[in-house]
Amino acid sequence: MPLSPQVAILTSLEQDSLLLCAMVSRLIARHVNFTGFLENHVPEQFSPELLKYPILFLDRQALARLTSAESAQLQEYARSNIVKVYDYVGATADRGQLNAHAEILVNSALVHLERPYTMDDMPRQDADRTLDFICRKAKRYFEGQNHNEFTLHNLRGLESLISQSDEFIAILESVFSYNRGHERFFNHDQIGGWAYAYRHYQLTGRREFADAMVKLADQVIASRPRTPEGILSGSGFTDDPLALHHGEFPGYEPHCTMRRNLVYTEILHFHGALFAACAAYSGKQSYLDEALLLMRHIRDYQLDPTDGLPFHYSIGGKPGGVKWGRAAAHALWGADLMLQFHPDMSDCYRREILEFIDHIGTGLLKTQMDSGLWHNILDVSLSTPETSCTICFAAVFGRLKDEKYSSMVLKARNALLAMSWRGGIAENCAGTGLAADADYYIKRPHNYLFNALLALALNKLES
């Protein structure tokens with residue numbers, strides 16, 4: 001039997017507007033179904049059908065354009081039901097402010113519902129329709145000139161949908177034509193996407209971008225600082241520790257060398273991709289050795305031997321932070337990308353990477369929530385459920401095709417279909433730095449985010 005909405009929304013805003021997505025995200029996070037959820041389109045025209053629900057959200061323009069008869073119906077409805085006008089927020093509000101506003105407004109409305117709702121109350125999006133949204137939005141993303149962490153994420157998601165097409169090749173050429181002239185990349189986020197220069201070579205036989213990729217990797221190896229253990233740092237240059245002479249943001253911490261003693265799992269995500277691709281393209285084992293050295297450090301110093309789950313970072317060989325969900329995701333994505341970009345590596349290295357993945361997976365089997373999601377701090381049940389790590393766990397362990405993880409992957413995939421909207425996902429932990437205590441991670445805001453990696457979790461044909 002189809003699950004009926006619990007609340008109604010009427011909007012005059014664009015369907016992908018930041019405010020509407022913030023509102024929708026907070027409803028999805030509370031597992032509250034709303035009008036237009038399965039259609040991926042909130043109603044834009046008033047209808048008496050919207051007054052069948054105990055709560056109605058609408059914006060000022062939608063209110064202003066009601067006819068006198070419709071306005072009278074709404075007034076009568078408001079005598080015994082809840083009406084929330086949701087766009088009384090500053091015109092210059094940024095994404096963070098909009099999310100905070102939506103969280104307050106939605107939660108204050110939902111106290112009027114008869115009971116709290118659970119994942120069982122949410123219908124599931126159609127996977128193919130969600131994949132279509134992802135494909136269209138990822139293509140739109142690359143209409144701009146971007147080179148950041150989402151370059152890697154969105155290329156990877158798009159590859160799973162249109163990998164052999166001329167359109168995908170054209171996107172790769174646009175990305176690398178624009179970025180080839182940039183002499184220095186300050187942070188690991190900016191270099192991971194260059195692994196796809198090797199994919200461009202595989203698809204076309206042309207070497208110009210792959211050669212530029214290797215040149216970039218050589219520059220990173222030569223100019224980044226290293227930790228006392230010899231691990232290549234994720235940011236900065238030894239000859240310009242405060243980034244005073246390169247780039248537009250002098251002293252900006254992610255571009256400096258202030259993290260030179262830290263090993264954190266994000267580095268493996270992006271270095272794993274780049275250096276595996278360089279090793280496969282050049283035939284030089286030294287590139288893969290950089291990624292393997294980092295993975296082994298995380299394995300030996302950051303994985304908790306009692307449960308297999310990684311701490312976010314280590315310093316001086318001592319684990320720090322918490323077992324943040326996306327920290328585990330970064331480590332797993334990095335290991336998975338090493339396998340993807342260098343499938344012909346020696347069997348001994350392949351086994352080592354798979355054992356690393358399996359070690360973390362054993363801990364994930366024990367910490368998955370009944371809903372199919374995982375907590376933002378994997379082993380802290382009071383922390384909020386989180387979707388970006390769930391995307392990773394569904395994708396990476398789905399690709400393994402190991403029976404041990406089949407139920408875990410199915411539950412996660414099912415949960416993601418209840419948490420997605422127009423190809424994006426609710427309950428994404430907002431960009432997180434590093435901290436020594438759990439309180440910081442628990443307080444991180446969660447929001448709606450488009451990330452094409454969702455395609456890897458949902459696409460049955462991805463291998």
Q: With ring pair (Phe, Tyr, Trp, His ring centres under 6.0 Å) as the criterion, how do His269 and His153 come out once you've worked through the C-alpha distance, each side chain's angles and the decisive distance to 0.1 Å?
A: CA-CA 10 Å; His269 189 163; His153 303 339; 5.2 Å; yes
Q: Sequence neighbours excluded, which residues qualify as side-chain hydrogen bond (donor to acceptor under 3.5 Å, both in side chains) partners of Tyr441?
A: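 Scan of Tyr441 (side-chain hydrogen bond (donor to acceptor under 3.5 Å, both in side chains), adjacent residues dropped) gives His312.
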Q: If I take atom NE2 from residue His31 and atom CD from residue Gln6, how far apart are they, to the nearest 0.5 angstrom?
A: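 The CD atom of Gln6 is 11.0 Å from NE2 of His31, to the nearest 0.5 Å.
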Q: What are the two closest non-hydrogen atoms of Phe311 and Thr265, and how far apart are they?
A: O-CG2, 4.0 Å
Q: About how many Å separate CG of Leu268 and NE2 of His330, when rounded to the nearest 0.5 Å?
A: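 One gets 10.5 Å once the value is rounded to the nearest 0.5 Å.
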Q: Between the main-chain N or O of Pro254 and the side-chain N or O of Asn187, is there a donor-acceptor pair closer than 3.5 Å?
A: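 Yes; judged by distance alone, with no hydrogens or angles, the pair exists.
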Q: Can you check side chain to side chain donor-acceptor pair (under 3.5 Å) on Gln164 and Glu159, steps first, answer last?
A: CA-CA 8 Å; Gln164 300 299 318; Glu159 180 185 30; over 6 Å; no
Q: Take Asn451 and Ser388 through the test side chain to side chain contact (heavy atoms under 4.5 Å, CB included) and record every step on the way to the result.
A: CA-CA 9 Å; Asn451 185 341; Ser388 71; 5.5 Å; no
Q: Which residue pairs pass the salt bridge (Lys or Arg N to Asp or Glu O under 4.0 Å) test with at least one member in residues 421-440, sequence neighbours excluded?
A: Asp16-Arg422, Arg26-Glu427, Asp439-Lys443
Q: Give a yes or no on whether the backbone of Leu354 and the side-chain of Asp358 come within a donor-acceptor separation of less than 3.5 Å.
A: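 Checking the backbone N and O of Leu354 against the side chain of Asp358, no donor-acceptor pair under 3.5 Å is found.
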Q: Between Ser163 (side chain only) and Ser160 (backbone N and O only), is there a donor and an acceptor less than 3.5 Å apart?
A: no
Q: Is the charged tip of Arg136 near the ring of Phe133: under 6.0 Å from the six-membered ring centre and within 45° of its axis?
A: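 Relative to the ring axis of Phe133, which defines the angle, Arg136 lies inside both limits.
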Q: Flag this pair as yes if the NZ/CZ of Arg30 is under 6.0 angstrom from the six-membered ring centre of Tyr117 and inside a 45 degree cone about the axis; otherwise no.
A: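 The answer is no; the distance or angle limit is not met.
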Q: Do the side chains of Tyr264 and Ile298 get nearer than 4.5 Å, heavy atoms only?
A: no
Q: What verdict does the salt bridge (Lys or Arg N to Asp or Glu O under 4.0 Å) test give for Asp218 and Lys284, after you've listed the backbone C-alpha separation in whole Å, the side-chain angles of each residue and the deciding distance to 0.1 Å?
A: CA-CA 12 Å; Asp218 289 341; Lys284 294 181 180 179; 5.9 Å; no
Q: Tell me, yes or no, whether the heavy-atom count around Asp166 atom CG, taken from other residues, nucleotides or ligands under 6.0 Å, exceeds 12.
A: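 Not more than 12 within 6.0 Å, no.
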Q: Are the side chains of Lys323 and Thr367 in contact, using a 4.5 Å heavy-atom criterion?
A: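 The answer is no, as the side chains (C-beta and beyond) never meet within the 4.5 Å cut-off.
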Q: Within the 3.5 Å criterion, strictly below it, is a donor on His188 or Ser235 matched to an acceptor on the partner's side chain?
A: no
Q: Is the number of heavy atoms from other residues, nucleotides or ligands under 6.0 Å of Glu39 CD greater than 12?
A: yes
Q: Is the closest side-chain heavy-atom distance between Ile191 and His271 below 4.5 Å?
A: yes
Q: Is there a donor-acceptor contact under 3.5 Å from the side chain of Asp132 to the main chain of Asp128?
A: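 Side chain of Asp132 to backbone of Asp128, a donor-acceptor pair under 3.5 Å: no, none is there.
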Q: Do the non-hydrogen side-chain atoms of Ser108 and Lys84 ever get within less than 4.5 Å of each other?
A: yes
Q: With rounding to the nearest 0.5 angstrom, report the CG to CG distance, Leu131 to Leu458.
A: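 Answer rounded to 0.5 Å: 5.5 Å.
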Q: Given Glu352 and Arg299, is the salt bridge (Lys or Arg N to Asp or Glu O under 4.0 Å) satisfied, shown in steps?
A: CA-CA 10 Å; Glu352 188 177 0; Arg299 178 194 67 196; 3.1 Å; yes
Q: Would Asn447 and Asn428 count as a side chain to side chain donor-acceptor pair (under 3.5 Å) here? Give the steps.
A: CA-CA 5 Å; Asn447 56 29; Asn428 169 82; 3.3 Å; yes
Q: Do the side chains of Val175 and Phe142 get nearer than 4.5 Å, heavy atoms only?
A: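 The answer is yes; the side chains approach within 4.5 Å.
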Q: If only side-chain N and O atoms count, and only distance matters, is there a donor-acceptor pair under 3.5 Å linking Glu173 with His200?
A: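 Distance-only check passes for His200 and Glu173.
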Q: Considering only heavy atoms from C-beta outward, does the side chain of Arg351 approach that of Asp347 to under 4.5 Å?
A: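 Contact flag for Arg351/Asp347 side chains = yes.
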Q: Would you please name every residue forming a side-chain hydrogen bond (donor to acceptor under 3.5 Å, both in side chains) with Gln285, sequence neighbours left out?
A: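 Asp289.
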Q: Has Ser174 got a side-chain atom pairing as donor or acceptor with Ala170's backbone, closer than 3.5 angstrom?
A: no
Q: Can you measure from CZ (Arg206) to CG (Leu172) and round to the nearest 0.5 angstrom?
A: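 Between atom CZ of Arg206 and atom CG of Leu172 there are 10.5 Å.
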Q: Taking the side chain from His375 and the backbone from Ser383, do they hold a donor-acceptor pair closer than 3.5 Å?
A: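 Side chain of His375 to backbone of Ser383: a pair is present.
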Q: Using salt bridge (Lys or Arg N to Asp or Glu O under 4.0 Å), reason through Asp379 and Lys366 one step at a time and then give a plain yes or no.
A: CA-CA 9 Å; Asp379 60 345; Lys366 299 174 182 176; over 6 Å; no
Q: Between Trp421 and Asn40, does the side chain to side chain donor-acceptor pair (under 3.5 Å) criterion hold? Intermediate values first, please.
A: CA-CA 6 Å; Trp421 162 258; Asn40 288 272; 6.0 Å; no
Q: Could you go through the salt bridge (Lys or Arg N to Asp or Glu O under 4.0 Å) check for Lys52 and Glu49 one step at a time?
A: CA-CA 6 Å; Lys52 293 182 178 180; Glu49 290 291 314; 2.8 Å; yes
Q: Phe341 pairs by ring pair (Phe, Tyr, Trp, His ring centres under 6.0 Å) with which of Tyr201, Tyr196, Tyr287?
A: Tyr196
Q: Could you check if a side-chain atom of Leu364 sits within less than 4.5 angstrom of a side-chain atom of Leu309, using non-hydrogen atoms only?
A: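 They are in side-chain contact.
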Q: Using modelled atom types and a 3.5 Å cut-off, is there a donor and acceptor pairing between side-chain atoms of Asn261 and backbone atoms of Gly316?
A: no
Q: Nearest 0.5 Å, what's the CZ-CH2 distance between Phe393 and Trp333?
A: 10.0 Å
Q: Give me the ring orientation class for Phe397 and Tyr405: parallel if the planes are under 30° apart, tilted from 30 to 60°, perpendicular past 60°.
A: tilted
Q: Using 4.0 Å as the upper bound for N to carboxylate O, is an ion pair formed by Arg326 and Glu266?
A: no
Q: Of Arg199, His342, Gln202, Met213, which meets side chain to side chain contact (heavy atoms under 4.5 Å, CB included) against Tyr281?
A: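 Of the listed residues Arg199, His342, Gln202, Met213, the side chain to side chain contact (heavy atoms under 4.5 Å, CB included) partner of Tyr281 is Met213.
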Q: Measure the spacing between CG of Leu400 and CD1 of Ile357 and express it to the nearest 0.5 Å.
A: 5.5 Å
Q: Just do the side chain to side chain donor-acceptor pair (under 3.5 Å) check on Glu149 and Gln190 with the steps written out, would you?
A: CA-CA 6 Å; Glu149 62 181 302; Gln190 299 170 317; over 6 Å; no
Q: For a ring pair (Phe, Tyr, Trp, His ring centres under 6.0 Å) check, start with the C-alpha distance between Phe209 and Trp194, then their side-chain angles and the critical distance, and finish with the verdict.
A: CA-CA 9 Å; Phe209 299 133; Trp194 271 94; 7.5 Å; no
Q: Judged by atom type as modelled, is there a donor-acceptor pair below 3.5 Å linking the side chain of Ser17 to the main-chain atoms of Glu14?
A: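 It does hold such a pair.
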Q: Considering only NZ, NE, NH1 and NH2 on the basic side and carboxylate oxygens on the acidic side, decide whether Arg224 and Glu290 come within less than 4.0 Å.
A: no
Q: Please confirm whether the backbone N or O of Gly423 pairs with a side-chain atom of Ser420, one donor and one acceptor, at under 3.5 Å?
A: no
Q: State, with a plain yes or no, whether a side-chain heavy atom of Met23 is found less than 4.5 Å away from one of Leu13.
A: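 Sidechains of Leu13 and Met23: no contact.
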Q: Checking the side chain of Asn154 only, and the main-chain atoms of Ala452 only, is there a donor and an acceptor separated by less than 3.5 Å?
A: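 Yes; at least one donor-acceptor contact below 3.5 Å.
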